[in-house]
Amino acid sequence: GEGSGGASDAHFVIDGSGNIGIGTTSPTHKLNVYNDGGASSMTVGKYASGKTVGFLGTSADTSGYFQIQSYKSQGSTFGDIVLNAQGGNVGIGTTSPGQGQSTPISDVKFDVLGNQMLSDLSTTNTDQSKLFFFRSDGAVASQGVVPDGLKIGAIEWAALTSGDNNNSISSARIEVEASNTWSSAAVRNADIIFSTVGANALAERLRITSAGYVGIGTDSPGQELEVIGVISASSHVYAGDRVYVNGDITLSHDGSSQLSVGFDATYDKIRYGKSDNVVHEFLGQSTVISGSATSTGSFGMLSLNNGGAQ
């Protein structure tokens with residue numbers, strides 16, 4: 001209807017198309033709420049002190065933003081906003097969350113098409129932006145223990161390929177795994193695992209244990225760094241105290257000239273020369289010097305025993 005002053009005083013109109021206008025005489029949609037020259041808003045529930053109410057509105061007539069605010073108890077306590085509590089997914093920038101491939105990724109509840117950012121305007125270290133992964137086997141105050149080996153959370157990278165019917169193909173993953181049974185806040189050890197695809201399957205490549213040990217090629221490192229495999233350095237390798245090697249050490253300049261230090265069933269030994277023609281061989285606990293000298297030079301004092309070179 002119209003106000004007594006005519007159309008210009010109308011507060012509520014229904015036009016010939018069935019559109020309803022509140023604050024406007026020319027509604028553009030089935031329900032159009034507008035405050036000419038200011039912020040427009042509407043509420044669901046009673047907007048009064050102590051009441052639970054939802055607020056929707058714009059911040060200004062022009063150059064503003066749209067806002068949604070929940071009040072658990074209006075005037076004192078802000079409330080929560082729950083989306084799809086009974087089921088379904090949420091998409092931002094997409095009308096088909098979790099459906100970016102012919103076979104949807106299972107259990108995708110939130111899908112953002114584009115970049116995401118975590119920001120914080122605080123200047124204290126305790127208020128930095130965080131991304132939490134929460135794992136529980138029950139409701140608050142009724143959970144059981146977290147078992148050893150349970151995956152707490154993961155970040156995974158995937159892409160689509162036409163060669164696999166446009167399905168999502170995982171290529172790398174970082175995950176956190178409980179490394180003991182969590183029974184209290186004081187017992188919550190976990191490892192960080194880095195995996196990449198090899199032989200068409202994700203495989204663990206590096207692990208940082210709860211003790212701070214790093215393992216490459218092993219999931220149970222016993223030292224600060226343990227590598228199962230070959231280590232290559234293009235420049236220098238420094239050790240502040242000593243280096244322990246379970247096997248022989250071979251130093252090579254050009255791939256053929258070598259110096260090797262090791263141990264066989266009988267002796268500690270040092271060998272140097274060409275890889276195919278040992279020039280000198282020094283055997284611990286023996287005066288044997290085998291081979292023939294083909295180069296000049298001198299050696300310092302060397303003491304050897306079966307317990308290791310000194």
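- Legend: residues meeting salt bridge (charged side-chain N to carboxylate O under 4.0 Å, His left out) with E226, ordered by chain and number and at least two apart, are absent.
- Not one N or O on the side chain of S17 forms a donor-acceptor pair closer than 3.5 Å with the backbone of N19.
- Taking the side chain as every heavy atom from C-beta outward, I228 and I216 never approach each other to under 4.5 Å.
- The number of heavy atoms from other shown groups lying within 6.0 Å of CD (Q223) does not exceed 12.
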* **Evaluation steps, side-chain contact (heavy atoms from CB on, under 4.5 Å), between V44 and F55** => CA-CA 7 Å; V44 178; F55 174 93; over 6 Å; no
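- Under the 4.5 Å side-chain criterion, counting only non-hydrogen atoms from C-beta, W157 is in contact with I174.
- Proximity of a side-chain donor or acceptor of S70 to a complementary backbone N or O of D80 within less than 3.5 Å is detected.
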* To do: Check the pair I68 / I81 against side-chain contact (heavy atoms from CB on, under 4.5 Å), numbers first and verdict last.
  => CA-CA 9 Å; I68 301 174; I81 295 176; 3.7 Å; yes
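- No donor-acceptor pair closer than 3.5 Å links the side chain of T43 to the backbone N or O of Y47.
- In this structure a side-chain-to-backbone donor-acceptor pair under 3.5 Å is present from R135 to K151.
- D61 has its side chain within reach of Y34: a pair of non-hydrogen atoms, C-beta onward, lies under 4.5 Å apart.
- With sequence neighbours excluded, the residues satisfying side-chain contact (heavy atoms from CB on, under 4.5 Å) with S184 are A186, V187.
- Residues V176 and V214 are members of one and the same hydrophobic cluster, defined by side-chain heavy-atom contacts under 4.5 angstrom among Ile, Leu, Val, Met, Phe, Trp and Tyr.
- The closest side-chain heavy-atom distance from D15 to P27 is below 4.5 Å.
- With a 6.0 Å radius and a threshold of 12 heavy atoms from other residues, nucleotides or ligands, K46 has its NZ atom at or below the threshold.
- For D120, the side-chain contact (heavy atoms from CB on, under 4.5 Å) partners are S122, D127, S129, not counting sequence neighbours.
- Residues D219 and E204 have side chains in contact (heavy-atom distance under 4.5 Å, counting atoms from C-beta outward).
- Side-chain heavy atoms closer than 4.5 Å link hydrophobic residues (I, L, V, M, F, W, Y) into clusters, and following such links, even through other members, never connects L118 to I92.
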* To do: Using the side-chain contact (heavy atoms from CB on, under 4.5 Å) rule, take I192 and L206 through it: C-alpha gap first, then chi angles, then the decisive distance, then the call.
  => CA-CA 8 Å; I192 302 177; L206 183 147; over 6 Å; no
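- Not one N or O on the side chain of D148 forms a donor-acceptor pair closer than 3.5 Å with the backbone of T181.
- Not a single donor-acceptor pair under 3.5 Å links the side chain of E175 to the backbone N or O of R173.
- At least one donor-acceptor pair closer than 3.5 Å links the side chain of S40 to the backbone N or O of N35.
- Between I155 and F133 there is a side-chain heavy-atom pair separated by less than 4.5 Å.
- With hydrogens and angles disregarded, no donor-acceptor distance shorter than 3.5 Å links the side chain of T77 to the backbone of K72.
- Applying the side-chain hydrogen bond (donor to acceptor under 3.5 Å, both in side chains) test to pairs two or more places apart or on separate chains, those with a residue in residues 189-199 are D191-R207, T196-R205.
- By the salt bridge (charged side-chain N to carboxylate O under 4.0 Å, His left out) test, K51 pairs with no residue at all, sequence neighbours left out.
- At least one side-chain heavy atom of I208 sits less than 4.5 Å from a side-chain heavy atom of F194.
- Every residue two or more places apart in sequence or in another chain was checked for a ring pair (Phe, Tyr, Trp, His ring centres under 6.0 Å) with F66, and none qualifies.
- Taking the six-membered ring wherever Trp is involved, the centroid distance between the rings of Y71 and F78 falls below 6.0 Å.
- In this structure, N32 contributes its side chain and G21 its backbone to no donor-acceptor pair below 3.5 Å.
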* Asked: So I20 and F12, side-chain contact (heavy atoms from CB on, under 4.5 Å) or not? Walk me through it.
  -> CA-CA 7 Å; I20 299 174; F12 175 86; 3.4 Å; yes
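- Side-chain contact between T58 and S41: absent, with no pair of heavy atoms (C-beta onward) separated by less than 4.5 Å.
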